[in-house]
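Here's the structure we're looking at; comments come further down.
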Amino acid sequence: MPYIQESEHCETDQDLEAQGKAQGMVGSQVPAVEKVKATACSSALIPGTLENVSAPATPDTCKTTTPVKATPCNQSEEGSSSQGKKEPGASQFLQDPDSLLNNMLEKNVSELVKFLSVKYTKKESLTKAEMLKSVIKEHRDHFPWIFMKACECMEVVFGIDVKEVDPISHSYVLGKTLDLTYDGRLSDDQGIPKTGLLILILGMIFMEGNRAPEEKIWEVLNMIEVYAEKKDFLYGEPRKFITRDLVQEKYLEYQQVPNSDPPSYEFLWGPRAHAETSKKKVLEFFCKVIGSDPTSFPSLYEEVLRDEEERAQAKLASSAKSDSFCPE
C-alpha cells in the first residue's frame with residue numbers, strides 16, 4: 001500500500017525503496033514470530049490460567065537451533081560406497097550425543113518460558129540463582145543461551161520484556177514490552193498475554209503509512225497461522241480480539257475506507273497506543289528482532305524523528321498551559 005500522509009502523495013524512488021524495506025522488515029519479523037509461536041506454547045499453556053505452565057511437560061516449547069553442532073553417525077556416502085554396503089550396526093540406532101544435548105537444551109528453554117510466565121502472572125521478580133535452582137540444573141554452562149532464547153520467546157510471542165534490575169545479584173523483573181499497559185488477559189491472573197500480537201499489528205500499521213488495510217493485516221497474520229474465523233490457542237478469537245477488544249481498549253481504530261465500494265476497512269493507531277508508546281519504540285523493537293538499525297529505514301526514521309519532535313512540542317505546550325492556570 002502506498003505511503004499515506006495526505007490525500008495526495010507523490011512517491012519518490014527513495015519512498016518506494018524505504019517502503020519495500022519496511023515491508024521486508026515486517027516480513028523478517030513474521031518468520032520469527034511464526035517459528036517461536038509454533039512451538040513456544042504447548043498444551044500446558046492453553047487452558048485456563050498461566051498457573052498451568054508450572055507443570056512439567058512439553059519438550060517442544062521454543063525449539064530453536066542450538067549452538068551445538070551434531071556429528072554424523074555414519075561416514076559419508078562417498079567413503080562408504082568404496083567398501084560396499086554394510087548392515088546397520090546397533091550404534092546407528094542410538095541417538096547422537098549432540099542431538100540429545102540439543103533436545104535437553106530445548107527442553108530447558110521450554111521450562112524456563114513456563115517459569116517466567118508464572119513469575120509474570122504473579123508479578124514476582126526473579127534471580128539467575130533462582131532460575132538455575134528451579135529450572136536449569138544440569139546444563140548450567142549453557143544458561144546464557146537458554147536464557148536468551150527464553151527471553152526471545154517471551155518478547156516476540158507474549159510481548160513480555162525481561163529486564164535486569166540488579167547486575168550484581170542478577171535479578172530481573174518482567175513487564176509489558178513498549179510500555180503498553182494492556183496485555184489482553186481476562187484478568188490479573190487468568191489468560192495468556194496477547195501483547196505480542198498487538199505490537200505486530202501496530203508495527204504493520206506504522207510501516208503501511210499509518211493506516212493498514214484489513215486484508216493486509218490478515219495476510220500477514222495468516223503467515224503465523226492466525227486466522228480471522230479460526231480460534232487460536234494463543235489469541236483466542238482473533239477477529240474479536242482485534243476488531244472489538246483492541247478497539248474498545250483504544251489501541252486500534254477500525255474504520256471503513258472512505259468511498260470504498262464494496263466497503264473495505266482499515267486499521268489505524270488508537271489514542272491509547274499514541275499515549276503509551278511511540279513510533280520510535282515500535283521501530284526500535286522491530287529492528288531489534290531482525291538485528292538491524294532504525295537508520296537502515298530512512299523514510300521511517302525521518303518520520304520517527306518528526307514524531308518525537310511533535311511529541312516534545314506538545315508536552316511543552318501542555319506544561320506551559322498547566323503553569324498558566326497555577327494560582328499565584
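Just so we're clear, the structure is a prediction, and the values are computed from it rather than from any experiment. Throughout, numbering of the chain's residues begins at 1 and tracks the sequence.
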NZ/NE/NH1/NH2 to OD/OE distance under 4.0 Å, [X] and [Y]:
| X | Y | value |
| --- | --- | --- |
| E152 | K149 | yes |
| K281 | E276 | no |
| K240 | D245 | yes |
| K119 | E124 | yes |

Heavy atoms, side chains only, cut-off 4.5 Å: are [X] and [Y] in contact?
| X | Y | answer |
| --- | --- | --- |
| F285 | L178 | yes |
| H142 | N108 | no |
| P294 | F286 | no |
| D161 | M154 | no |
| L200 | I224 | yes |
| Y235 | I242 | no |
| F297 | V304 | no |
| C287 | L283 | yes |

Can you list the steps and then say if D179 with T277 is a side chain to side chain contact (heavy atoms under 4.5 Å, CB included)? CA-CA 6 Å; D179 298 325; T277 191; 5.7 Å; no

How about F267 and Y254: are their ring centres within less than 6.0 Å of each other? yes

Is the distance between the ring centroids of Y172 and F147 under 6.0 Å? yes

When rounded to the nearest 0.5 angstrom, what is the spacing between CG in L202 and CG in L246? 8.5 Å

Where do E164 and H170 land on the side chain to side chain contact (heavy atoms under 4.5 Å, CB included) test, with the steps shown first? CA-CA 7 Å; E164 185 175 49; H170 296 291; 3.2 Å; yes

Using the rule that two of Ile, Leu, Val, Met, Phe, Trp, Tyr join whenever any of their side-chain heavy atoms come within less than 4.5 Å, decide whether [X] and [Y] are in one cluster.
| X | Y | value |
| --- | --- | --- |
| I205 | V257 | no |
| I201 | Y227 | no |
| L221 | L268 | no |
| I146 | M148 | yes |
| V109 | M104 | no |

Has [X] got a side-chain atom pairing as donor or acceptor with [Y]'s backbone, closer than 3.5 angstrom?
| X | Y | answer |
| --- | --- | --- |
| N222 | V226 | yes |
| S117 | V113 | yes |
| W269 | L252 | no |
| S296 | S292 | no |
| T127 | S171 | no |
| S134 | M131 | no |

Could you check whether atom CD of E138 has more than 12 heavy atoms from other residues, nucleotides or ligands sitting under 6.0 Å from it? no

Donor on one side chain, acceptor on other, [X] and [Y], under 3.5 Å:
| X | Y | value |
| --- | --- | --- |
| T177 | E155 | no |
| E303 | N210 | yes |
| Y301 | D293 | no |

Check the pair L197, V157 against side chain to side chain contact (heavy atoms under 4.5 Å, CB included), reporting the backbone distance first and the verdict last. CA-CA 7 Å; L197 188 63; V157 177; over 6 Å; no

If you compare all heavy atoms of [X] against all heavy atoms of [Y], which two are closest, and at what distance to 0.1 Å?
| X | Y | answer |
| --- | --- | --- |
| Q256 | P263 | NE2-CB, 3.6 Å |
| P213 | E208 | CD-OE1, 4.3 Å |
| E130 | S125 | OE1-O, 4.2 Å |
| R140 | L132 | NH2-CD1, 3.6 Å |

List the steps and the verdict of salt bridge (charged side-chain N to carboxylate O under 4.0 Å, His left out) for E214 and R239. CA-CA 11 Å; E214 181 177 16; R239 179 177 290 282; 3.1 Å; yes

Check the pair D183, K194 against salt bridge (charged side-chain N to carboxylate O under 4.0 Å, His left out), reporting the backbone distance first and the verdict last. CA-CA 5 Å; D183 60 13; K194 303 178 180 68; over 6 Å; no

List the steps, then state whether side chain to side chain contact (heavy atoms under 4.5 Å, CB included) holds for L180 with Y251. CA-CA 10 Å; L180 299 169; Y251 280 110; 3.7 Å; yes

